[in-house]
Amino acid sequence: MRLPISACIIAKNEEKHIRKAISSVINLVEEVLILDTGSDDKTIETAKESGATVFSTEWQGDFAKARNEIIEFARSKYILMLDADEYLCETSISALQSFCLLADDKLVGRVTQVNELGNNQGRSNVKLIRIFPNQPDYRYSGKVHEQLTYNGETPRSTDTAIELIHVGYDINTIAKKDKINRNLSLLHEELIERPDDSYILYQIGKTLSVSKRYEEAIAYYEQSIEKLNAKGGRENNFIPSLLKCYAECLFHIQNWQLCFEVIHTAVDMFPDYTDLYYLYAQALTKSTVINDLQDIEDIYKYCLHLGEANPNRYETVQGVGSFLAHYNLGVYFEISNKSEEALMHFREAALLGYDAALKKVHLLDTDDNCTDQGKSSISICMIVKNEEKHIRMCIEKATKIANEIIIVDTGSTDDTVNIVKHLGIEPYVYEWKNDFSSARNYAISLATSEYIFQLDADEMIEFNPVDLDGVLTKDYYLVKIKNYMSDGTYNYHSSIRLFKNKIGLKYKGRLHEQINIRDFEGSTEGYIDSLVLHHLGYLEQEIKNKNKLSRNMTILLEEVKENPTAFNYFNLGNQYKVQGDYWDAINAYKKSFSIGSYYTFTSRLLLNLIQTLIELKEYDQAIKVANDGILMYPQYTDLHYYRGIVYKKIGYLRDAEESFNDCLKLSDVKDPYLSTYEGTGTYLALIKLAEIYYEEQQYDKALSFLTQALKYNVKYRPALEMWLNLSRISNDADESQQFIRMFKPESQKDIKNTIHLLYSSRHRILLYYLESYVKNPDADMIAIINLYNGNYNAARVYWQCKENVNRERFREVFLVTVILQDEELFDKWKEEAELNKSEQEILKSIIRRSKLESREYSTTLIKVLRNLFLDILMHKLYDLLDYFNQNAKSGLIRYYLADTLVQFGFSQVALDLLVDEGKSHERARIYELTGDILQLNNSWSDALYYYYQVKKMEKPSFHLNYKIYLLNKRLGHECEATKSLCELASAVPQSTWAKNMMQYQ
């Protein structure tokens, strides 16, 4: 469903911009209307081609009249008024939805107009009323800079998160369209009609300022102020802008005394208006009336203290409270010969995306490096192709250690080359030959420094300046590389990236190329512990974006054919593994291992082989490889960790526990020659132990290990998810408060990730974070807030009106349909559940509160039901439990509901739900859950009975036999316990724990 909005645009000779304006809203709103006022270019044709409805009228020198005329054609509930040189920012879609959902008939919306100022002046923000109900009471007044009125008065307004990007303030565009003279003529006509109108005088002054007619502008600003003072009109919302514009004109004509007086007056009235302080600092810098330069530094720092001005209150230039203040502090310190302070502020501005600052960083870094005595020079060498996403940040970081940066482009078709040039670096062009060594060696040949640092464009340098302060002495250095993985974990390995220039070191190998250190006996090796490369290229989306898989496989197959070395087969196996061709990967790894088993990469080969066998569920082989690997590399924590993973997957919980405890004893890997996952010796092992104790219903012990894990990495998602699950069981409000204290978002990214985590878990703490951290929630989030607050009808109204259905929201919608017994809403959304018609009827039976008979249930339907059970308990809708208890005849449905109840600590209620019904394998699951609940309630004999019943129905798992063994030991049934232990010890793969226990019998 499109939003009930008519987008209205008046235009004349706007062929340059009109298409983008229309395209930004055409797929969102019900209609786009254009009122053309006399174009003689291709505006009308372009508008029609873009899908808009075009009307024509004769221009009568009155913007309000034109806007009111186009409103008459509008049919939708709301009007969104756009200019032809504006377009809707993509991030504003949800804000539009929210306004349509929440607004009433007497409320209008203020949007942020982001003005592209041109001539590298950046952007300014101003709030304007642009969205309002389509009612006769709302009409415009004013021939130019027209204002919306409600029955002739200022309407009641609310701020929205809607942003319109405005490109019409570029001085060349203005001059070309002769807007200034046209607007001045219209404003003077209005002034004749309303000579005492201070706002018209202000707009005339502002229009003159744009054309740099500063002295004329000042005269009108002074008249505007005079009229305001006569009326005592300090409440007009344009006064802050009036005073700032007045002071800016005085700045341009260098009337410093009056400029400072105006600024001081304005600051007294508007002490949080950052733009005034910024202008003051600029005026002090340029004037000759200041004796103490310290004032300039203090004022810019105060701008940073204030931050950006509130765009809801002030017309403001972006950056005055951030990157522009930092940049000007950098300039101040530069001319004060304080290069370190200057560089610090230029870097801060550069990190905020200010390109002028980045050039300064590059120049100052180069100057510093040239004057460093006793410090080795470094050439950064990079080969790049289509790296526009990361290369700017990569270069920004690299400038901190580089004497020169050499970029070799191998055929970019995106904006990579332009970005590099914009940063002051002229890239070299090299024809790609499917050979990384060839390209890297070309880059090396261009370097002039003592050392080469080979860097990829998706890597960021982190280092301690002290460690690179002296002379480098080794022939080459291993550099630690931190690889960011798609699952949120990090993998470390080390590689030779820093090496001496002009001693014959070069790259070999078409792919996964290496420095030829084997050709130089006696070469010396170094390692700088604080030097780390943060590598983003292993993220799944990055690999897909650059189509690396097919490219790499082609190169590798050619390389293996020409050079069938252990290293090349190892890399081929890695490539097959990434592509999911696991059997091919195993064969390649085996060939590599057969050629040689004591290379620096052998430890990683064994780890990759274990991971591949896990994917194929070849658990017996995986354990054998892990055991053999541990004999070769006993201190390699990752091998112990993955052996524990395998044991845990097959239910060998004591063996898994021992492996993870071994990890904690070894701690994280420190050897630079061993590739490792961060946390295998700390938080990852602790989490796996917590999972084991959670599975064994030792919840206090699980929470203890989980708390330890979060001390190492408080943002690790699996740990947080498990913590949320444990908090459900305890149902303790204090634990919710503990989570809130423990995890306070520090950035917008943190907020987004936290909300996504809590939403995925459907935990009620989500409501706290939404209300505390999301200032302008989108319409979907508002509906969820209503749901969590018990405002079910409000949520229903939104989802009933929503046309573009988000499949992820079906869960919430279905819960509302069940609560309100709303079949109509269910029918609208039912296809999103991906169920067949008979399964949809089962869900309708729940909505109607009908009987649920026994039948086959698909995996998809079971997932929908399990989510419903979780939500019922999360929202404490206990009356629905009574419905299922009385009407669910299916033993399987009752089984899943009981299992969910156990997760929330309602074990006795769960036990009462279970019934002996269904097929043999279903009954076996019901019996085992019954045994688990009875064991939780310390009914050991009854639990043992049900476990034995399961054993009669199907081949018992290792974990079931282990539970039988434990209960027999607790009950003193030594013969039965020994029998169970024998079964455990004879299982395949062999359990080391069971084998050792047998020796004590």
Side-chain angles (χ1 to χ4, degrees), residues 374-382 398 400-403 406 436-437 440-441 443-445 447-456 459-483 491-509 511-535 565-568 570-571 574 592 595-607 632-638 667-676 678:
K375 182 175 179 179
S376 299
S377 59
I378 297 174
S379 296
I380 298 286
C381 292
M382 301 167 59
K400 297 178 182 180
I401 68 169
N403 295 79
I406 293 166
F436 278 89
S437 287
R440 293 210 190 279
N441 290 333
I444 289 172
S445 72
T448 62
S449 300
E450 298 169 73
Y451 277 82
I452 306 289
F453 197 124
Q454 183 261 306
L455 189 65
D456 288 341
E459 294 173 337
M460 315 297 163
I461 295 175
E462 175 193 336
F463 71 104
N464 184 340
V466 175
D467 291 335
L468 290 175
D469 226 17
V471 177
L472 298 170
T473 59
K474 304 297 183 181
D475 292 323
Y476 64 89
Y477 290 83
L478 286 172
V479 176
K480 185 191 294 182
I481 301 173
K482 183 176 182 178
N483 302 294
N491 169 261
Y492 288 95
H493 77 280
S494 296
S495 178
I496 299 170
R497 292 297 192 88
L498 181 61
F499 52 91
K500 274 185 179 177
N501 191 13
K502 303 186 188 305
I503 64 169
L505 292 175
K506 63 179 182 179
Y507 282 94
K508 287 186 174 182
L511 184 68
H512 302 294
E513 60 285 359
Q514 292 188 308
I515 288 290
N516 61 333
I517 57 171
R518 293 180 182 273
D519 296 342
F520 295 84
E521 285 191 25
S523 56
T524 56
E525 176 184 282
Y527 180 71
I528 302 171
D529 190 58
S530 72
L531 186 57
V532 180
L533 293 183
H534 297 268
H535 177 223
T565 63
F567 183 66
N568 284 335
F570 166 64
N571 287 319
N574 292 341
S592 176
I595 294 170
S597 58
Y598 287 96
Y599 293 103
T600 55
F601 59 82
T602 301
S603 57
R604 182 67 204 189
L605 183 153
L606 293 170
L607 186 63
M632 294 173 66
Y633 304 97
Q635 301 302 309
Y636 191 10
T637 311
D638 296 58
S667 192
D668 284 340
V669 171
K670 299 295 189 296
D671 188 339
Y673 284 104
L674 293 176
S675 173
T676 182
E678 181 182 88

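Worth knowing before you read on, the calculation uses all heavy atoms, side chains too, and leaves out hydrogens, waters and symmetry mates.
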Verify, without hydrogens or angle tests, whether Tyr476 (side chain) and Ile515 (backbone) share a donor-acceptor contact under 3.5 angstrom. no
Got a second to check how far Arg497's CZ is from Phe453's CZ, nearest 0.5 Å? 7.0 Å
Donor-acceptor pair, Glu462 side chain versus Val532 backbone, under 3.5 Å? no
Residue pair Ser667 / Thr637, side-chain heavy-atom distance below 4.5 Å: no
Any donor-acceptor N/O pair, Ser675 side chain to His493 backbone, under 3.5 Å: no
Exam field: side chain Asn403 to backbone Ile378, donor-acceptor pair closer than 3.5 Å: yes
Okay, side chain of Tyr477, backbone of Lys474: is any donor-acceptor separation there less than 3.5 Å? yes
How long is the gap from CD on Gln454 to SG on Cys381, to the nearest 0.5 Å? 8.5 Å
With sequence neighbours excluded, residues passing side chain to side chain donor-acceptor pair (under 3.5 Å) with Ser379: Glu404, Ser449
Does the side-chain contact (heavy atoms from CB on, under 4.5 Å) test come out yes or no for Ile461 and Leu531, once each step is laid out? CA-CA 7 Å; Ile461 295 175; Leu531 186 57; 4.1 Å; yes
Would you confirm whether Ser603, through its side chain, and Leu674, through its main-chain N or O, come within 3.5 Å as a donor-acceptor pair? no
Atom of Leu505, atom of Phe499 and distance for their closest heavy-atom approach: CD1-CB, 3.8 Å
Using a strict cut-off of less than 4.0 Å between a Lys/Arg side-chain nitrogen and an Asp/Glu carboxylate oxygen, indicate whether Asp638 and Arg604 qualify as a salt bridge. no
Would you say the ring centroid of Phe601 lies under 6.0 angstrom from that of Phe567? yes
As an exercise, state the distance from CD1 of Ile401 to OG of Ser377, rounded to the nearest 0.5 Å. 11.5 Å
Please tell me whether Asn571 and Asn568 have a donor and an acceptor in their side chains that are separated by less than 3.5 angstrom. no
Taking atom NZ of Lys502 as the centre, does the number of heavy atoms from other residues, nucleotides or ligands within less than 6.0 Å exceed 12? yes
Assess the residue pair Met632 and Leu606 against the criterion (side-chain contact (heavy atoms from CB on, under 4.5 Å)); give the C-alpha distance rounded to whole Å, side-chain angles, the decisive distance to 0.1 Å, and a yes or no. CA-CA 10 Å; Met632 294 173 66; Leu606 293 170; 4.0 Å; yes
Verify the distance criterion only: is there a donor paired with an acceptor across the side chains of Tyr507 and Gln514 at less than 3.5 Å? no
Is the backbone N or O of Asp475 less than 3.5 Å from a side-chain atom of Thr524, with the two atoms forming a donor-acceptor pair by type? yes
Residues Tyr492, Glu678; criterion side-chain hydrogen bond (donor to acceptor under 3.5 Å, both in side chains); working and verdict: CA-CA 7 Å; Tyr492 288 95; Glu678 181 182 88; 2.9 Å; yes
Looking only at side-chain N and O atoms, does His534 offer a donor or acceptor that is under 3.5 Å from a partner on Glu459? no
Answer whether the closest heavy-atom distance between the side chains of Thr676 and Asp668 falls below 4.5 Å. no
Say you draw a straight line from CD1 of Ile380 to CD1 of Ile452; how long is it, rounded to the nearest 0.5 Å? 9.5 Å
Roughly how far apart are Thr602 OG1 and Phe570 CZ, rounded to 0.5 Å? 8.5 Å
Residue pair Asp456 / His535, side-chain donor-acceptor N/O under 3.5 Å: no
Residues Lys506 and Glu513 bridged, charged N to O under 4.0 Å: no
side-chain contact (heavy atoms from CB on, under 4.5 Å) assessment of Val669 paired with Tyr636: CA-CA 7 Å; Val669 171; Tyr636 191 10; 4.0 Å; yes
side-chain contact (heavy atoms from CB on, under 4.5 Å) between Lys508 and Asp519: does it pass, once the steps are laid out? CA-CA 11 Å; Lys508 287 186 174 182; Asp519 296 342; 2.9 Å; yes
As a quick check of understanding, evaluate salt bridge (charged side-chain N to carboxylate O under 4.0 Å, His left out) for Lys670 and Asp529, giving each step before the final call. CA-CA 10 Å; Lys670 299 295 189 296; Asp529 190 58; over 6 Å; no
Rounded to the nearest 0.5 Å, what separation is found between the CG atom of Asn501 and the OG1 atom of Thr448? 8.0 Å
